[in-house]
Amino acid sequence: MRLNPSQQHAVEFVTGPCLVLAGAGSGKTRVITNKIAHLIRQCGYQARHIAAVTFTNKAAREMKARVAQTLGRKETRGLLIATFHTLGLEVIKREYAALGMKANFSLFDDQDQAALLNELTETWLEGDKTQLQQLTSTISNWKNDLMDPLQAAASAQSERDKLFAHCYGLYHDHLRACNVLDFDDLILLPTLLFKRNEEVRERWQNRLRYLLVDEYQDTNTSQYELIKLLVGARARFTVVGDDDQSIYSWRGARPQNLVLLSQDFPQLEVIKLEQNYRSSGRILKAANILIANNPHVFEKKLFSELGYGSELKVITANNEDHEAERVVGELIAHHFINKTQYSDYAILYRGNHQSRLFEKMLMQNRIPYRISGGTSFFSRPEIKDLLAYLRVLTNADDDSAFLRIVNTPKREIGPATLQKLGEWANVRNKSLFTASFDLGLEAHLSGRGLSSLQRFTHWMRDIAQQAEREPVAAVRDLIHGLDYESWLYETSTSPKAAEMRMKNVNQLFSWMTEMLAGSDLDEPMTLTQVVTRFTLRDMMERGENEEELDQVQLMTLHASKGLEFPYVYLVGMEEGLLPHQSSIDEDNVDEERRLAYVGITRAQRELIFTLCKERRQYGELMRPEPSRFLLELPQDDLQWETARKVVSAQERMQKGQSHLANLRAQLAQARDKE
DNA sequence: ATGCTATAGCTTTTT
DNA sequence: GCTATAGCAT
């Protein structure tokens, strides 16, 4: 398929700063990949002088794959396609000396961060969860606004902010002492470095001569600052974004950066992509009319040349059980009649808790489904344990990792021993692990504690040495030497759970082995690199087959951004849920409207809304109003459908069950015939 | 250790 | 109202 005129223009405009306003489904990834190809083939750019930046590893992977389709291996050599955080990491890895870091730093994920802050603030906050969360986000905001602890303290007005700034200082010092960085540092440090150090900045500006940024509306202040510093006065860049799909402002994203861009770069070329290749005309019309209720800096109106499509259904259920029943019943019938794949359907909701009933109903009806979200693989305790071991191996200063694993599995190293080790390490100004080798330690620690501790640390040192020569064998020996499997069976609630967790460990090990060995696509990595990549949740070729399975997709509206499905159920269209009550209270309904907009524009062919007349919330029976967003939609294109009569819960259950049973039987029959 | 009861907390979560 | 977890009692 050829590019349309706007897409073509977006690809070919390379002489200055360029903003592409890409509506949902308007082919922005095509534009980015084609533009990379154009830069290399027509404009004489070498691949190694181009960088494309995304927000998620998934997006980066997809873009790499798309570029590989268009360009040959040779042409893409050195091309940098990465997330903001990976790009920052690359900079830090090369410039660690200028930043005053040691080479083998390790990374904190948000859990490590939360654990440390909890520990540091015990005397003031006493583990108060909401306070801790506020502290975490305050520190993150300070970092995103490029403020160090001193500046934060200076700017603090209230007592609370002064305390928070003090905690920020403690936190910051602790990270530096342990040679550890958190996620925000990956953006903050390069940005500060480029700001202060002209020589380094020019070197990187020379290395990255053309910059492309995806999902630009999601950038925060420090990310935008980093972009500006990287492109310099030359201002050769393309950013692609859609202010109507900005749904992460609660996480620091500044859609305002779209406006700032036209102020900071007056010569900015603004190109709108308004043709949608995804949805039927009716779905698009509904989306346009809904989002027109939001204020806009850049007006844009999507159109589609696909058919107008069928009416958008609105199903009103009696309560949330009934809602799940209706959706799953509808889905089974539709699947049966239209001979579709289960993976053609998505059920989208505002909050994770809404998935439960749909999950239950799908399970009862033996429909394969997949829920995205939930606890990530890398948040599981067994994985975090193992990564903590590897962090100690690669960064002897990482006290957090050391504390996590020093007595896991149990090896009789108790709090008393660690307390004394901590005091000694403080005196010597060393990390816990390195201090454990000091001869002077024997004056403070004795007996069982000392011998268990040293048995452990000496063993770890041996493994660390081995890891330098043969990392794969070292990790294997580590897992065996720990007898981690037995530990899992001892501590898990059931043998089955232990089995699952060991499977995860083995999965991690096999990924790690691949990454250490390298492949034809990827260079071999060092152990440090592997650990870092895992913390960034960025591994190559994840379980490929997972996405090919034929399963109904369940996910939050946030998680659905960037995806598309032929048939979409947008459930819980009620005031209080979508828009969410807290957003109504905070007068932030516009972002909720964008969330609804994102949901609607996921649908290709058919879109079904559902809502309940009654819903239990926190134990209380509510009678929610239909979402204002439903009322904002063009009513001529909606087909409201209400349950014909109100029946008792008992009857409804029986009727619903027998209806589903009936459909199942038909389905089975049809299968048998084939 | 293990299992029960009381209690809190309930929006989204790219890295 | 439900579920996860902490802390207590067995």
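Convention: sequence-line order gives letters A, B, ...; per-chain numbering from 1.
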For the side chain of A:Glu592, counting heavy atoms from C-beta on, which of B:dT15, B:dT12, B:dT11 is nearest? B:dT11

Please determine if a side-chain N or O atom of A:Asn57 lies less than 4.0 Å away from the OP1 or OP2 oxygen of B:dT15. yes

In whole angstroms, how far is the P atom of B:dT13 from the CG atom of A:Leu536? 19 Å

I'd like to check, for A:His580, whether its ring lies over the base of B:dT11 with centroids under 5.5 Å apart and a plane angle smaller than 30°. yes

Under 4.0 angstrom between A:Asn352 side-chain N/O and B:dT11 OP1 or OP2: no

How long is the line joining CE of A:Met622 and P of C:dG1, in whole Å? 14 Å

In whole angstroms, the gap separating P of B:dT11 from CG of A:Leu577 amounts to 10 Å

Would you check if there is a donor-acceptor pair between the side chains of A:Arg593 and A:Asn294 at a distance under 3.5 Å? yes

Looking only at the side chains, is there a donor atom on one of A:Glu225 and A:Thr191 sitting less than 3.5 Å from an acceptor on the other? no

Atom-pair distance (CG on A:Leu87; P on B:dT15), nearest Å: 15 Å

Would the number of heavy atoms belonging to other residues, nucleotides or ligands and lying under 6.0 Å from CD of A:Glu119 be above 12? no

Parallel, tilted or perpendicular: which describes the rings of A:Tyr168 and A:His172, with under 30° parallel and over 60° perpendicular? perpendicular

Considering only the P atoms, how many Å lie between B:dT11 and C:dA4, rounded to the nearest integer? 16 Å

Please state whether the base of B:dT15 and the side chain of A:Arg251 form at least one donor-acceptor pair under 3.5 Å? yes

In whole angstrom, what separates A:Gln223's CD from B:dT15's P? 12 Å

From the list B:dT13, B:dT11, C:dC2, which nucleotide is the closest neighbour of the side chain of A:Glu586? B:dT11

Winner on side-chain proximity to A:Arg350, out of B:dT11, B:dT15, B:dT13, is B:dT11

Within the 3.5 Å criterion, strictly below it, is a donor on A:Asp585 or A:Ser582 matched to an acceptor on the partner's side chain? no

NA contact type, A:Thr556, heavy-atom cut-off 4.0 Å: base, sugar-phosphate, or nothing? sugar-phosphate

Between C:dT5 and B:dT12, how far is it from one P atom to the other, in whole Å? 16 Å

Assign A:Tyr248 to base, sugar-phosphate, or nothing according to its heavy-atom contacts below 4.0 angstrom with the strands shown. base

For the residue pair A:Trp204 and A:Phe194, does the interplanar ring angle fall in the parallel (under 30°), tilted (30 to 60°) or perpendicular (over 60°) class? tilted

Could you state the atom-to-atom distance from CG of A:Asp218 to C1' of B:dT13 in whole Å? 12 Å

Students often get this wrong, so: under 4.0 angstrom with heavy atoms, is A:Gln111 touching a base, only sugar-phosphate, or nothing? nothing

Heavy atoms under 4.0 Å, any strand shown: does A:Thr86 hit a base, just sugar-phosphate, or nothing? nothing

Spacing of A:Leu357 atom CG relative to B:dC10 atom C1', expressed in whole Å: 15 Å

Counting any heavy atom closer than 4.0 Å, what does A:Asp110 reach on the DNA or RNA strands: base, sugar-phosphate only, or nothing? base

CZ of A:Arg533 versus C1' of B:dT15: gap in Å, rounded? 13 Å

